[in-house]
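Remarks on the structure that follows.
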Protein chains: 2
Amino acid sequence: MTLILSNDEVESVLEMPELIPVLEEAYLELAEGRGASRRRSDIVTPTTLREDGLYALKSMDGVIPKFGVGAIRLNSDILTFPQAGNEMRRVKVPAAPGDRYVGLVLLFSTHTGEPLAIMPDGVMQRARVGATNAIAAKHLSRQESRILAVLGSGWQAGAQVTAHCAVRPLEEIRVYSPNAAHREAFAAEMAEATGVPARACASGEEACGGADIVACATNAVMPVFFRDWIEPGMHIGTIRPGATEVERGGWDHIDLFCLLDHDDNAELIYTHGVQVGEDKVGSYGVEHDDWHASLPSLPQIICGRRSGRTDDSQVTCFLNNLGLGYQFAATGYLVHRKARDAGIGHELPTDWFTETVHP
Amino acid sequence: MTLILSNDEVESVLEMPELIPVLEEAYLELAEGRGASRRRSDIVTPTTLREDGLYALKSMDGVIPKFGVGAIRLNSDILTFPQAGNEMRRVKVPAAPGDRYVGLVLLFSTHTGEPLAIMPDGVMQRARVGATNAIAAKHLSRQESRILAVLGSGWQAGAQVTAHCAVRPLEEIRVYSPNAAHREAFAAEMAEATGVPARACASGEEACGGADIVACATNAVMPVFFRDWIEPGMHIGTIRPGATEVERGGWDHIDLFCLLDHDDNAELIYTHGVQVGEDKVGSYGVEHDDWHASLPSLPQIICGRRSGRTDDSQVTCFLNNLGLGYQFAATGYLVHRKARDAGIGHELPTDWFTETVHP
């Protein structure tokens, strides 16, 4: 049977303490050349929905033989690009029936080829971002990190908190986001979820002062973490392409950068009628240069080919620069195994997604 | 609702005379830069099924704004590479439950992003090959072509016959394949299906003597059409990467070559443990060189940017060099529209394949 899962079902079985070692092992497989990843591609065209919108068909693939799975993650998006101050933001419009987004993960067996599961990507995409930043913190932050500062209180922030709690003996969580009610509610929610005391702070500076780990978890297009906040021994995690969260002037004060993967540009294919300006291209990745190429990747650090933190005074920064379909193979493997064991989801006949015809 | 279709259902609504103009228009859109295609990628890794096997996850995408659709075509294959004479063949093993293959086309709306349909790729893949070669014959063969010779009587051959009948006023179909019973049965079946007299021939030479169009439709790794069979005015269509069907010594006697697309190599990504020798790489595309780059593509000829046949004595040859995800967007568009109108297929709630979570 092929399992069809909802985001609620994915969330009910996907636990950070289980995901982190699975994903770390997957990165090791990738570093050792036993796993393989096809970088993201985006086809971008006009859409008939809105004149100021675009249609984007995004896909990325990955295979992890050790786990016996391959996955394709795809998104079929209506995009708009509203101005926010001087910058252009990239906003997805939920235009599918019922005001819904379209993002799917298809999981396949490398033993038989069969489709094991079809799942939405939303909960998995948040979890793999959080887990990846936590794996980076495990290799880059000080072993005895006690204080986590989270900048942001939205969708990504929760996964950052639970993931970091799984890798470091945190004793205090601090939250800053511009809206006081949001940060208060989020702090309460995180304290409840993790059992670690969490408090809302009135400023980012207050949250970050004395913090061992700073987790940037916003979709801000402007910096949210500033040069003057950098302290010896601090680890900073980012989740946006180009690490736009960290003030550029502070980069010289960071001793060690690490990025997720060196191949950090989406393959962008577009039609006439699509004005892909610099700001829009920027949304699909960051320009690769010699400096980026010289940095260690997280998989390289996991497998020991490159060094992570070497002393307690270093300032480290993780650039979670672009998503990999490979992450969805690892996450999907865990979700599928647990969902099957728990007996949840819709089962559809595998025959519906296979064929007798030689393709 | 999202429509789930079987190969039988796809076949019941997919008719060559309808597919050919749809696909031709799609190629025009591509040539004009209004449609977009992401070339095929193959991730190749070991499989636990067989030591001499490999797992391959293949995907290719395309979007046709004019038709309001985008598509992803994917294959999750177990491959083996048996020796056949001096050459290595690439054979897919139907290892999914019930001895089935795994190839899917997912069709999306560029208006809302929603998944419109999920279909197996087998019948569509044969139809788009046949239709593409017929479109090439329409632009490259002599207007008054009366005699079609088909080399091969297998799965691809039937689509070649019905497709060519739709573009040229054929009066005679000749069939050669090594097995007499197969070619006799196939000739009878084609005469019945098309209303055009069809006869089995005892040799390829007999079938091709005096033929206006030769359609190679085998999966042979050795040539099946030879230099000495070339006649003035003849058009030859191929369906294998590298056009291995046509004896290399005959290529100098061909006046005009046309290929489907210039970007004719799959993006090949593989893990350690995969021995991808030259023969295997060859299965994923052909090496691109200056000569290939100089040839017109079929979309360029359709839109008039390059010339097709210019006089009745020219010998022409179409190299259907590699499949495009784009072809599945065009074919899927037609199949979905007709299946919906006919009320066939399983309807599943679109909510199963969409989400409220921002991905």
Side-chain angles (χ1 to χ4, degrees), chain A residues 4 7 33-36 38 41 43 45-49 55 57 59 61 63 65 68 70 72 74-78 92 95-98 100-104 106 108 110-115 118 120-123 125 155 267 269-273 346 350-359, chain B residues 4 7 33-36 38 41 43 45-49 55 57 59 61 63 65 68 70 72 74-78 92 95-98 100-104 106 108 110-115 118 120-123 125 155 267 269-273 346 350-359:
Chain A
I4 311 290
N7 271 320
R34 294 187 296 259
R38 198 263 302 173
S41 59
I43 299 183
T45 76
T47 173
T48 40
L49 187 73
Y55 174 73
L57 184 62
S59 65
D61 316 333
V63 181
I72 294 182
L74 64 93
N75 295 85
S76 174
D77 294 324
I78 307 297
K92 292 186 186 185
R100 294 165 76 93
Y101 302 99
V102 183
L104 289 169
L106 286 78
F108 299 92
T110 61
H111 186 69
T112 63
E114 72 188 277
I118 302 177
D121 69 340
V123 165
Q125 103 81 11
W155 171 247
E267 179 185 6
I269 301 153
Y270 52 91
T271 56
H272 291 329
H346 293 281
T350 299
D351 283 6
W352 288 16
F353 306 106
T354 58
E355 58 190 336
T356 53
V357 165
H358 188 296
Chain B
I4 312 290
N7 271 321
R34 294 186 297 257
R38 199 258 307 168
S41 59
I43 298 182
T45 77
T47 174
T48 41
L49 186 73
Y55 174 72
L57 184 62
S59 64
D61 317 332
V63 181
I72 294 181
L74 64 93
N75 296 85
S76 174
D77 294 323
I78 308 297
K92 294 186 184 184
R100 295 165 74 93
Y101 302 99
V102 183
L104 290 169
L106 286 77
F108 299 93
T110 61
H111 186 68
T112 63
E114 72 189 278
I118 302 177
D121 70 341
V123 166
Q125 103 81 10
W155 170 248
E267 179 185 9
I269 301 153
Y270 53 91
T271 57
H272 291 331
H346 292 282
T350 299
D351 283 8
W352 288 16
F353 306 106
T354 59
E355 60 190 336
T356 54
V357 165
H358 187 298

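Labels below follow one simple rule: chain letters A, B, ... track the order of the sequence lines, proteins then strands, and each chain is numbered from 1.
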Query raised in the report: Can any side-chain N or O of A:Ser76 pair as donor or acceptor with the backbone N or O of B:Gly113 at less than 3.5 Å?
Result: yes
Query raised in the report: Is chain B contacted by the side chain of A:Asp121, its backbone, both, or neither, given a heavy-atom distance below 4.5 Å?
Result: both
Report summary line: Interatomic distance, NE2@A:His111 vs CG@B:Leu49, rounded to 0.5 Å, equals 5.0 Å
Report summary line: Of the listed A:Pro65, A:Gly68, A:Pro46, the one with the largest count of heavy-atom pairs under 4.5 Å with chain B is A:Pro65
Query - B:Gly122 backbone acceptor or donor facing A:Glu355 side chain under 3.5 Å - result: yes
Requested in this report: For each of B:Ile78, B:Leu104, B:Asn75, B:Asp351, tally heavy-atom pairs with chain A at distances under 4.5 Å, and name the one with the top tally.
Outcome: B:Asp351
Report task. Could you have a look at B:Ile269, B:Ile43, B:Ile118 and say which one has the most heavy-atom pairs with chain A under 4.5 angstrom? Result -> B:Ile43
Query - Which portion of A:Asp61 sits near chain B, non-hydrogen atoms under 4.5 angstrom - result: both
Query raised in the report: Looking only at heavy atoms, what is the nearest atom pair of A:Ile72 and B:Ser59, with distance?
Result: CD1-CB, 4.0 Å
Query raised in the report: Quick one: of A:Arg38, A:Lys92, A:Glu114, who has the most non-hydrogen atom pairs under 4.5 Å with chain B?
Result: A:Arg38
Query raised in the report: Can you check whether A:Thr354 reaches B:Pro97 side chain to side chain, under 4.5 Å on heavy atoms?
Result: no
Query - Top contributor to chain B interface from A:Gln125, A:His358, A:Arg100 [non-hydrogen pairs under 4.5 Å] - result: A:Arg100
Requested in this report: Verify, without hydrogens or angle tests, whether B:Thr110 (side chain) and A:Thr47 (backbone) share a donor-acceptor contact under 3.5 angstrom.
Outcome: no
Requested in this report: Could you check which of B:Leu106, B:Val63, B:Asp77 has the highest count of heavy-atom pairs closer than 4.5 Å to chain A?
Outcome: B:Val63
Report summary line: All heavy atoms of B:Thr271 vs all of A:Ala36, minimum pair found to be CG2-CB, 3.7 Å
Requested in this report: Select, from A:Tyr55, A:Trp155, A:Phe108, the one with the greatest count of heavy-atom pairs under 4.5 Å involving chain B.
Outcome: A:Tyr55
**Report entry** side-chain contact (heavy atoms from CB on, under 4.5 Å) evaluation trace for B:Thr356 with A:Asn7
**Finding:** CA-CA 9 Å; B:Thr356 54; A:Asn7 271 320; 5.6 Å; no
Requested in this report: Please identify each residue that fulfils ring-ring contact (aromatic ring centres under 6.0 Å, His included) with B:His272, with sequence neighbours left out.
Outcome: none
Report task. Any chance you could lay out the ring-ring contact (aromatic ring centres under 6.0 Å, His included) test for A:Trp352 and B:His346, step after step, and finish with the verdict? Result -> CA-CA 9 Å; A:Trp352 288 16; B:His346 292 282; 3.8 Å; yes
Query - All ring-ring contact (aromatic ring centres under 6.0 Å, His included) counterparts of B:Phe353, not counting sequence neighbours - result: none
